[in-house]
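Here's the structure, in structure tokens; my notes come after.
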Amino acid sequence: MIKFEASSPYPLCDYVYSESEAKAHAALVDAWLGLQTASIEVRLAQQGCRLRAPHASGEKQELWFGLEVQQLLTPYVEIRSLLSKLEPQRGSTIVDLGAAYGRMGFVIGREYPGVNFVGYEYVGERVSEARRVLAKLRYDGISIEHADLASAEFEPVAADVYFLYDYGTPKAIEKTLHDLRRLSKSRPITLVARGRHCRYLIETRHPWLQKKDPTIGEARTTIYVVASEKSVTAELPNTMIP
Ligand SMILES: C[S@@+](CC[C@H](N)C(=O)[O-])C[C@H]1O[C@@H](n2cnc3c(N)ncnc32)[C@H](O)[C@@H]1O
């Protein structure tokens, strides 16, 4: 069991833990932070989203209503371990594409002062709750933006690292991958992909991204970097979006 300690709420675990242990620990952290995820998710499952993103595309989005909270969100210990692999430098920016309650922002705010975080989220109810709790912590450079990633009017901010956990429909994720390809023409980027759907799209349709370390077998997340300067302008394969 991963012990929750308020003095170290996002521990860097050097031992093997199970998914259910990580989720149980994350529930304790949410409660400690005062994030009212459970009640908000129950309301969203019953009533749907009342606070849609500004300039929303109007197309149906996958917002994961009714999914168990700890399945919807990445556990804090996994986020902490991922950040330790990425070793973000002061002044760098990390973006969560489909951030929900912005868990990554809480970890960065506490453990990586000087690193900026932007989380984009479609569901206003989740955005408001994340902002309510973040406001009490007064971290610099941590923000949650209310946005529809799938909107033609939207492009993510230029950043060093993007995190994408199967956030929405294949079409929306595909639009985001094109946005990232455009952004990668002016600066090197790293993309961390969590979940099967986004990794399938990357592997089958986006050869401009390659695994940072091809020797690492399938884990929950894969780190991708830009394959080469040439690859970001090359034509993309014309495969169907599933
Ligand atoms: C699987 S959750 C991941 C949450 C967070 N990244 C994490 O790992 O804890 C995906 C989130 O993306 C949001 N989302 C889905 N479609 C979106 C869109 N078009 N624009 C912005 N956010 C979207 C969902 O509402 C949901 O909160």
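Just so you know, ligand 1 is whichever comes first in the structure, and atom 1 is the first atom listed for that ligand. Numbering of residues begins at 1 and proceeds along the displayed sequence.
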Do [X] and [Y] meet the criterion of a side-chain donor-acceptor pair at a distance under 3.5 Å?
{"X": "His25", "Y": "Glu21", "result": "no"}
{"X": "Tyr120", "Y": "Asp148", "result": "no"}
{"X": "Thr221", "Y": "Arg194", "result": "no"}
{"X": "Tyr162", "Y": "Thr176", "result": "no"}

Have a look at ligand 1 and work out which part of [X], if any, has a heavy atom under 4.0 Å from it: side chain, backbone, both or neither.
{"X": "Asp96", "answer": "side chain"}
{"X": "Leu72", "answer": "both"}
{"X": "Tyr101", "answer": "neither"}
{"X": "Ala147", "answer": "backbone"}
{"X": "Val123", "answer": "side chain"}
{"X": "Gln61", "answer": "side chain"}
{"X": "Arg126", "answer": "side chain"}
{"X": "Ala99", "answer": "backbone"}
{"X": "Ala100", "answer": "both"}

Protein contact of [atom] - nearest heavy atom, named by residue and atom, plus distance:
{"atom": "atom 27 (O) of ligand 1", "value": "Glu121 OE1, 2.7 Å"}
{"atom": "atom 9 (O) of ligand 1", "value": "Thr74 N, 2.9 Å"}
{"atom": "atom 19 (N) of ligand 1", "value": "Asp148 OD1, 2.8 Å"}
{"atom": "atom 20 (N) of ligand 1", "value": "Leu149 N, 2.9 Å"}

Check whether the ring centres of Tyr139 and Phe106 lie less than 6.0 Å apart, and answer yes or no.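 No: the rings miss the under 6.0 Å criterion.
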Return the set of residues passing side-chain hydrogen bond (donor to acceptor under 3.5 Å, both in side chains) with Arg132 (not counting sequence neighbours), or none when no residue passes.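 Listed in chain order: Glu129.
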State the atoms of ligand 1, each with its element, that fall below the 4.0 Å cut-off from a heavy-atom position in [X].
{"X": "Glu62", "value": "15 (C), 16 (N)"}
{"X": "Leu63", "value": "15 (C), 16 (N), 25 (O)"}
{"X": "Gly98", "value": "3 (C), 4 (C), 5 (C), 6 (N), 10 (C), 11 (C), 12 (O), 13 (C), 22 (N)"}
{"X": "Leu73", "value": "9 (O)"}

Side-chain donor-acceptor pairs under 3.5 Å in residues 79-91, sequence neighbours left out?
| residue | atom | partner | partner atom | Å |
| --- | --- | --- | --- | --- |
| Arg80 | NH1 | Tyr10 | O | 2.7 |
| Ser84 | OG | Ser81 | O | 3.0 |
| Gln89 | NE2 | Glu87 | O | 3.0 |

Check this for me, if you would: do [X] and [Y] make a salt bridge, where the nitrogen-to-carboxylate-oxygen distance has to be below 4.0 angstrom?
{"X": "Asp160", "Y": "Arg187", "value": "yes"}
{"X": "Lys23", "Y": "Glu19", "value": "yes"}
{"X": "Glu78", "Y": "Arg220", "value": "yes"}

Output yes when the distance from some N or O of ligand 1 to some N or O of Tyr122 is under 3.5 Å, and no in every other case.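 Yes, since at least one N or O of Tyr122 sits under 3.5 Å from an N or O of ligand 1.
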If the contact criterion is a heavy-atom separation under 4.0 Å, does Phe163 count as touching ligand 1?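 Distance cut 4.0 Å: Phe163 passes for ligand 1.
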The one among Tyr167, Phe65, Tyr76 that brings a heavy atom closest to atom 16 (N) of ligand 1: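 Result: the heavy atom closest to atom 16 (N) of ligand 1 is in Tyr167.
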To the nearest 0.5 Å, what is the distance between CD on Gln47 and CZ on Phe65?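 Between atom CD of Gln47 and atom CZ of Phe65 there are 10.5 Å.
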With rounding to the nearest 0.5 angstrom, report the CD1 to OG1 distance, Ile94 to Thr190.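 Ile94 CD1 to Thr190 OG1: 9.5 Å, rounded to 0.5 Å.
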